[in-house]
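First up is the structure itself, then whatever we jot down about it.
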Amino acid sequence: MAEGERLDVRKTYKLYIGGKFPRTESGRSYLVSDAKGKPWANACRGSRKDVRDAVQAARKAAPGWSGATAYNRGQVLYRVAEMLEGRREQFVDEVARAEGVTRRVAAETVDKAVDRWVWYAGWADKLTQVFGSANPVAGPYFNFSVPEPTGVVGVVAPAASSLLGLVSRLAPVIVSGNTCVVVASETRPLPAITLAEVLATSDLPGGVVNLLTGFAAELVGPLASHLDVNALDLGGLDLALYREAELAAAENVKRVVPPVKLSARDWLSDAKGQDPYWIAAFLEIKTVWHPIGV
Amino acid sequence: MAEQLERRGERAPARFGGLDYAPAPEATDHVKLRADHGLLIGGRWVEPASGKSFKTISPATEEVLAEVAEAGEEDVDAAVRAARSAYTRVWSKLSGAERAKYLYRIARALQERAREFAVLETMNGGKPIKESRDVDLPLAAAHFFYHAGWADKLDYAFPGRRPAPLGVAAQVIPWNFPLLMAAWKLAPALAAGNTVVLKPAETTSLTALRLGELLQEAELPEGVVNILTGAGATGAALVGHDGVDKVAFTGSTEVGKAIQRTLAGSGRKLTLELGGKAANIVFEDAPLDQAVEGIINGIYFNQGHVCCAGSRLLVQESIAEPLVDKLKRRMATLRVGDPLDKNTDIGAINSRAQLDKIQELVAAGEAEGAEAWQAPCELPSRGFWFRPTVFTHVAQSHRIAQEEIFGPVLSVLTFRTPDEAVEKANNTPYGLSAGVWTDKGSRILELATRVRAGVVWANTFNRFDPTAPFGGYKESGFGREGGRHGLAAYLDLSEGG
């Protein structure tokens, strides 16, 4: 280093569990390279125990988050957009480096990620009316069906689209009141961890989103077989691991969304990259009957 | 008050002393039983490739009613091909309005032949004629009528989507509501534009087979609905067949999990309606007489062969004693016996295997320290029967508080606070239904929100309607039947509108 030049302070990338940033309990890490193959940073190689801790944190956060008003959840998601916007430049750098795209494309990607949070924020207090119903039963009963969050959802983030793909799958899971455990892109985990820093400063209660980095083949199994996980979004899972994950998921009848194949372009498209029915995939419908006039 | 209750208590068993009902058997002469039945494949009744068949009986008399074909893998393959061919050549080309008219026809034909189907249902399944006549048949017809109207209005059901049928649906249904479950499965599948291979339960094939004849009379195009009779192996071959685009199953959680494993990694659309262990929660301010009727209906309806049965009574401690006393007195008036008798409340247990299972769990309840009480009724000498039973002193860990008994057996637990009620209600792997009895509206809404169950009955129980989505949380399955939500299970909604 030349004289007078400042030595930069590097970031340690850790996990995000229960609102905190712990290292993996296993003490392991793996080297993450950028898109050009240049070593970039060490990421935590999460373990089975980290999965269990993350699920526990997600379950603990479930009553509060699912019990929050839809208006409140909408504002929190909007706050995430605000925080992301404020750190735009940092994300443009990271996405460009992780995905090997130009700064222009990276900027487009980050902007879209911000807009996607805004789009889903608006769904918080609409989904009950769009996906619920009042039912005209043939008898003297007041009858209605309301959507409720499924519970704790395991999310396998898309491998290639490290930020936008993740945001596009994460927002529809949590907007309705689910909490989740995310397995970040194995090869491009760093933007996900930086996103967790945004979430941590966005009024999102700790434990609503828990984020693990590491090897999908190692983390998805324990997540899929965990009996306190109610559903899985395998959107980003490699097809080779799909069957095994769903086999494990059957043990407690998890709802499973299969892998989806979307290109980086697709995630940028509103027609393909955002969908209210992705919210519906992690909703339970509850029908309530009450007699009239008795 | 207590005195009054005492006196009524003494009077209740009086019917055993002379106030009994005269027999009022429903006539069966208008139900022509066929000696043997083939499989409905591609619009024709055919013999199974293996030539194998099995006997189906009346569980009330153990009398053989008919011989039913046992479909094997070859038959499954033929039926799936027939359904595929009907889908590509005919059914997917019809307009929604034309599909609707077929479904309306089916609904009307079922109404016209309701008595015949009700009697046959009772003969083959053992449920009281009162229920098959007043519940199963009207609801089955209503399901076809309701879904008929959707067939040409699908575009309005799913905003922002262009709904498309999935193709061939494999549907495996249980023995507790044989015809009604067939209606729950067929109506939305056909309205959405799919073709079907249906497998009824092995002990109760007859109404499904007769429905097959009715579909032919309605001139439903050949192969749109194919019906395969058989047992578990037939069902397994069907749900595992590669030519199937969608699988719908109603039955035990154990089999449901096996089906989910079979389909793992295939990406095929699956809906499961599985077991339950519903809490029926009674607060001290509930109207007790109404609640007692609700509890009785909740657990003894259809011999307790109901996945959403209120099999765990959670009663607030302060009223536990009087409520259980009232309940026992009411139980003593239940008429158990000939299901064809119009006064019968509780019919026959569906099969010997089910009776064995009930007996095993009841024995486990006693062995684990719960206290059983049974209604003092006489049981017929032939057939499969079980007395209405209530267990008190039940702990949450007991098998009778955790496992689905699927029989006329109620487990009573107590609670002190609403929080405790919610915690106990949710303390099973199931989440199909729940009941809440209280005079307080805000409490109903609180409990309805906090119990993790797909259907909540407040101050009522076991109500069903084609417009009201039905289905479970957690290990009670996923997907809904009924309403707009039930329709979604049979549609491809991936295309934007």
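Being a predicted model, the structure only gives us computed values, none of them experimental. Convention: sequence-line order gives letters A, B, ...; per-chain numbering from 1.
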Exercise for the section: Give, as side chain, backbone, both or neither, the part of B:F464 having an atom under 4.5 angstrom from any heavy atom of chain A. Expected result: backbone
Practice task
Select one option (side chain, backbone, both, neither) describing which atoms of A:N252 are under 4.5 Å from chain B's heavy atoms.
Solution key: both
Practice task
Look at A:K286 together with A:E148 and state whether they make a salt bridge at an N to O cut-off of under 4.0 Å.
Solution key: yes
Handout entry: Atom group of A:P147 that falls short of 4.5 Å from chain B, counting heavy atoms
Key = neither
Practice task
Could you tell me which portion of B:S266 (side chain, backbone, both or neither) has an atom closer than 4.5 angstrom to a non-hydrogen atom of chain A?
Solution key: backbone
Problem - Salt bridge A:E284-A:R255, side-chain N to carboxylate O under 4.0 Å - result: yes
Problem - B:Y104 atom OH: more than 12 heavy-atom contacts under 6.0 Å - result: yes
Practice task
Check whether B:I259 gets within reach of chain A through its side chain, its backbone, both or neither, counting any heavy atom under 4.5 Å.
Solution key: neither
Handout entry: Option that, when pairs with chain A are counted at under 4.5 Å, heavy atom only, ranks first among B:G256, B:A453, B:P429
Key = B:A453
Practice task
Report yes or no: do A:S263 and A:D266 form a side-chain donor-acceptor pair below 3.5 Å?
Solution key: yes
Practice task
Determine whether the aromatic ring centres of A:Y277 and A:F131 lie less than 6.0 Å apart.
Solution key: yes
Fill in the blank from the handout: So, the part of A:V130 with a heavy atom under 4.5 Å from chain B: the answer is both
Completion exercise
Interface check, chain B: of A:A231, A:P258, A:P136, most non-hydrogen pairs under 4.5 Å belong to A:P136
Problem - Proximal component of A:E251, with respect to chain B [non-hydrogen, under 4.5 Å] - result: both
Problem - B:R480 charged N/C atom sitting above B:F470 aromatic ring, 6.0 Å / 45° - result: no
Problem - Top of B:V451, B:L270, B:L445, B:L493 for chain A proximity - count of heavy-atom pairs under 4.5 angstrom - result: B:V451
Handout entry: N-O pairing of B:D492 and B:R162 below 4.0 Å
Key = no
Completion exercise
Counting heavy-atom pairs under 4.5 angstrom with chain B, the leader among A:V288, A:I285, A:L247, A:N135 is A:I285
Exercise for the section: Please check if any side-chain donor atom of B:K246 sits under 3.5 Å from a side-chain acceptor atom of B:T271, or the reverse. Expected result: yes
Exercise for the section: For the pair A:E218 and A:R48, find out whether any cationic side-chain nitrogen is under 4.0 Å from an anionic carboxylate oxygen. Expected result: no
Handout entry: Heavy-atom proximity to chain B below 4.5 Å, by part of A:T150
Key = backbone
Completion exercise
Answer key: most heavy-atom pairs under 4.5 Å with chain A among B:A258, B:G267, B:P469 is B:P469
Handout entry: Engaged part of B:R484 at the chain A interface, taking heavy atoms whose separation is under 4.5 Å
Key = side chain
